[in-house]
> 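One structure, pasted below without further comment.
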There are 2 protein chains.
Amino acid sequence: MTDTRQKLIEATAEGLRTDGIAGLSARSVAARAEVNQALVFYHFGTMPELIQAATRAAVDENVIYYREQFAQIGSLRELLEVGRELHDREHTTGNIAVMAQLLAGAQQDLLLAEAGRYAMARWGEQIEAVVRRLMADSPLAGVVDPAGLASMISAVFIGLELYDGVDPVGSRAALDAVERLVVLVDVVDDLGPVASRALRSRLKKASAAR
Amino acid sequence: MTDTRQKLIEATAEGLRTDGIAGLSARSVAARAEVNQALVFYHFGTMPELIQAATRAAVDENVIYYREQFAQIGSLRELLEVGRELHDREHTTGNIAVMAQLLAGAQQDLLLAEAGRYAMARWGEQIEAVVRRLMADSPLAGVVDPAGLASMISAVFIGLELYDGVDPVGSRAALDAVERLVVLVDVVDDLGPVASRALRSRLKKASAAR
DNA sequence: GTCTATACACCGATAGAC
DNA sequence: GTCTATCGGTGTATAGAC
């Protein structure tokens, strides 16, 4: 990969982070990359294509970073810990902000939608694997849909990032609130086999009733 | 309120919905409102101020619409029902999309951040009241922070809206997944007093350990 | 691959006639 | 309150010299 391409890709992610999708332009990206503005179009054709390339590179890099950590998660408690670490870290690096701005722009642009779908799929498959593993021998095994839950977790990260931008205190409280609710799942998980079987039948009934 | 002001306010919400924050401009809004472009600045001064006025009006109107429905929610099951209805309805009307685009822009603009904070506060206080009421006589009363949970629910709506734009199937699965998890809370809620007391002590221990 | 120069549309915002 | 006209600047994108 040429130096200029790389510089443009990095400047684009940085631009999404700090200027947002509304403030991103070929001019601003080129200036940030200290590269001639015309090179944006020489290398990437159009702005959406550059954004696609940049966000794709960002998500590929970031997902790799967490692959090992994800593989070592063995309990819900650990998942929460890694989740909070990931949230804090990705929030300060701005990677979630990039994803949020991408998704905001994706609502009106087909190419950005494709890029957003790719990003969510990459994160989703990582998260899903962890959830699936953790749920395998839990009384919740039949109740939880790992793929759906993974999508929800991704959506929560995006939503919380945007929420944090307008109300950081509230976003902290929101994180704490789910953590405490997840403890509930943990408690259920730790129930004895009798209680666990009773719970399972109740859950079956409850799902059927819906 | 003059006719022109009203037209501009409505056109702004519509523009956020269909063009996104990145595609919104004084010219596009004025065209949509079939109003002279200079009137945007005569009536509102700057674009962010117009966006603030428009999103404020939108959230005020929409919150009122749900106030009655929220007041009638008496169980978690009903909360889920209203929640799904609200999500479906607000998603099709595009009101959540407006909020999502507002928050995306709010990350880079102080005035929009203020508008976003206002919107999240209005929704938050409504949701919090419901959560607080439902949790009052539940074994989870001490475990759940109503305000935090309300913030989380708001964030989920925003995140899910953006997620839906790139992967509608995944967003459906995500919604289904939490619904099934909430059933878990419902089951715990329906436990007898003995089991409930046992659970409460377990939860206390679990929270303390954190 | 990189540069300058440029086309042309659009941007927010203002001045001033009506 | 509304209009036209206009400012300076920025947007994407391209042509053509180097």
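Just so it is clear: chains get the letters A, B, ... in the order the sequence lines come, proteins before strands, and each one is counted from 1.
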> With A/E10, which residues qualify under side chain to side chain donor-acceptor pair (under 3.5 Å), at least two apart?
A/Q6
> So does A/R172 pair up with A/D88, basic N to acidic O under 4.0 Å?
yes
> In whole Å, what is the span from the CG atom of B/L50 to the P atom of C/dA13?
11 Å
> Give the table of side-chain donor-acceptor pairs shorter than 3.5 Å for residues 141-148 of chain B, with sequence neighbours excluded, one pair per line with atom names and distance.
{"from": "B/D145", "atom 1": "OD1", "to": "B/A147", "atom 2": "N", "distance (Å)": "3.4"}
{"from": "B/D145", "atom 1": "OD2", "to": "B/G148", "atom 2": "N", "distance (Å)": "3.1"}

> Going by an N to O cut-off under 4.0 Å, is there a salt bridge joining A/E34 and A/K7?
no
> Quick check on DNA chain D: between A/G45 and B/H43, whose nearest nucleotide comes earlier from the 5' end?
B/H43
> Tell me which residues in residues 21-40 of chain A lie within less than 4.0 Å of DNA chain D, going by non-hydrogen atoms.
A/S25, A/A26, A/R27, A/Q37, A/A38
> Quick one: do A/E125 and A/R122 make a salt bridge, cutoff under 4.0 Å?
yes
> What I want to check is whether the side chains of B/Y163 and A/S151 have a donor and an acceptor closer together than 3.5 Å.
yes
> Going 5' to 3' along DNA chain D, which nucleotides are the first and last within contact of chain A (any atom under 4.0 Å from a heavy atom)?
D/dT10 to D/dT14
> Pairs in or reaching into residues 96-120 of chain B: which pass ring pair (Phe, Tyr, Trp, His ring centres under 6.0 Å), with residues at least two apart or in two chains?
none
> I'd like to check the side chain to side chain donor-acceptor pair (under 3.5 Å) partners of B/E85; sequence neighbours left out, ordered by chain and number.
B/Q69
